2 protein chains.
Amino acid sequence: MPDLENPATARGRKRDPNRDVAILEATIDVLAEVGYDGLSTAKVADRAQAGKGTMYRRWPTKTDLVLDAVAHMKAQQIDLEALPDTGSLRGDLLALFQPHEGAQVDRVLRAMAGVVSMISQVPGLAETGDYSIFEPWIAANTVLMNRAKARGKIAPAADVALAAQIIPSMAAYRALILRMAIDRDLLVRLVDQVVLPALSEDSVAASHS
Amino acid sequence: MPDLENPATARGRKRDPNRDVAILEATIDVLAEVGYDGLSTAKVADRAQAGKGTMYRRWPTKTDLVLDAVAHMKAQQIDLEALPDTGSLRGDLLALFQPHEGAQVDRVLRAMAGVVSMISQVPGLAETGDYSIFEPWIAANTVLMNRAKARGKIAPAADVALAAQIIPSMAAYRALILRMAIDRDLLVRLVDQVVLPALSEDSVAASHS
DNA sequence: TGGTTCCGGAACCATGAAGTATCGCATTAG
DNA sequence: CTAATGCGATACTTCATGGTTCCGGAACCA
């Protein structure tokens, strides 16, 4: 986070908050293109039409910049306060994926791929886990499924924690390994043939026999 | 691949094939620890107790070395000719995971995480896909499921291609993002509550209604 | 034995990137 | 107006490292 000066002492030209988001967005772009190690501060500055001094005044190191950029990206993704409520779990799950533009999703997933290499280089990063784009998505799935369970639409003993990971993990696999985004057809097949059956009454019963 | 000299012309000291595997193994180790970009030829040579000259006599560049090391690792993983046949699909799926040691699996998955960053740097690598550890695992799942289908144990219309990706993609997610291997408890839950229900008669029928 | 090739180890060099400093101009408080 | 700060741009320092080469010694063939 860029540090704010004490307003009482502030005298000269003020920092342009516009520059913050421009640099952050440029960081995401470069990260998606060449990964964390391929990302140089010069490239980011060039892309953002910013001077390196402007960047280093805000973020003391490259790692801080990338971490903040990822957090910025995460904040734009899923709003846990405004989840869809279509009446059916199936509709909710499909709607959760709906609003995002295809190209935008692709950009985010590629950036996530770039972060993977950072995990093994920045010590202590793997433990916090707050770099992952998929985590809020899993949280959203969990909320939707628990709501369906409360409404009696799925089995009371259903393993929500497990089911909520299915679609995000598939998305992660495709993004990081296959370098492809999930399309709508695949999403529908996952919901109908995998996720919903896993939550249904008889599947849960069968696994306990 | 290290190039063999023409045996007719061979005169001096012979190459020690032992050095090949030592260097390859060391490459996997370093890759698992620091990723592709963190991997330097000096680190590998040090780990393998080898001189850099010995390495460059065999692999002209760092990329070739890593690619060969991954291929070497893949060859050790799953033998598609000797798949388990326990009589039930459930038993087969669990047995497929059985033989590998926990620590070994962890090492392989971490190495795979190191490869991810290589994908965006080596052009044309993402298309071939032959770097992925998960691909042979998906293939093995597919074979087992198709066999079960032929034996009439699962729905004839079951989406095998989709179901075969569930466990490997979850493994990929955990390895690359969470930095954890799949334990046996999770595997059992996945098989019983997700994979098998997805292949069952009524799940498939429900998705076609 | 002698020439050839391999070995581990180390020195070497060119490239590139992180982070700093500086310049000229713009903006704002007092 | 003036001093202080932010801005883009660029030059600079410092350092890591990928790839190459050389060395002394060992193994191998004729």
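Quick note on labels: first sequence line is chain A, next is B, and so on, each numbered from 1. These numbers come from a predicted model, not from an experiment.
Going from atom NZ of A:Lys52 over to atom P of D:dC12 covers 14 Å, rounded to whole Å. Whole-Å rounding puts the B:Tyr56 OH to D:dG19 P distance at 4 Å. As rounded to whole Å, 16 Å separates atom P of D:dA16 from atom CG of A:Asp37. Note: CG (A:Asp20) to C1' (D:dC7) measures 13 Å, nearest angstrom. The nearest whole Å value for the distance from the CG atom in B:Asn18 to the C1' atom in D:dA27 is 15 Å. As a whole-Å value, the separation of A:Met55 CE from C:dG19 C1' is 11 Å. Going from atom CD1 of A:Ile23 over to atom C1' of D:dG8 covers 11 Å, rounded to whole Å. As a whole-Å value, the separation of A:Arg15 CZ from D:dT5 P is 11 Å.
Listed pair B:Arg58 / C:dC7 meets the phosphate criterion, a side-chain N or O lying under 4.0 Å from OP1 or OP2. Within the 4.0 Å cut-off from OP1 or OP2 of D:dC7, at least one side-chain nitrogen or oxygen of A:Arg57 is found. In this model, the phosphate group of D:dT17 is not approached by any side-chain N or O of B:Thr41 to a distance below 4.0 Å at OP1 or OP2. The side chain of B:Thr54 contributes no N or O atom lying less than 4.0 Å from OP1 or OP2 of C:dC6.
Note on ring orientation: taking the six-membered ring where Trp is involved, the planes of B:Tyr173 and A:Phe134 are perpendicular (angle over 60°, cut-offs 30° and 60°).
Looking only at atom types and distance, the side chain of B:Gln165 has no donor-acceptor partner in the side chain of B:Asn141 under 3.5 Å away. A donor atom on one side chain and an acceptor atom on the other are found under 3.5 Å apart for B:Asp37 and B:Gln121. Looking at A:Tyr56 and A:Thr61, their side chains never bring a donor and an acceptor atom within 3.5 Å of each other.
A 3.5 Å limit on both hydrogen-bonding distances identifies C:dT1 as the Watson-Crick or G-U partner of D:dA30.
With DNA chain C read from its 5' end, the first of the two nearest nucleotides for B:Arg13 and B:Ala48 is the one closest to B:Arg13. Between A:Lys62 and A:Gly53, the residue anchored closer to the 5' end of DNA chain C is A:Lys62, taking for each the nucleotide with the nearest heavy atom.
B:Leu65 comes within contact range of no nucleotide atom at all, as no heavy-atom separation falls under 4.0 Å.
A salt bridge links A:Asp92 and A:Arg147; the closest N-O separation between the charged side-chain nitrogens and carboxylate oxygens is under 4.0 Å.
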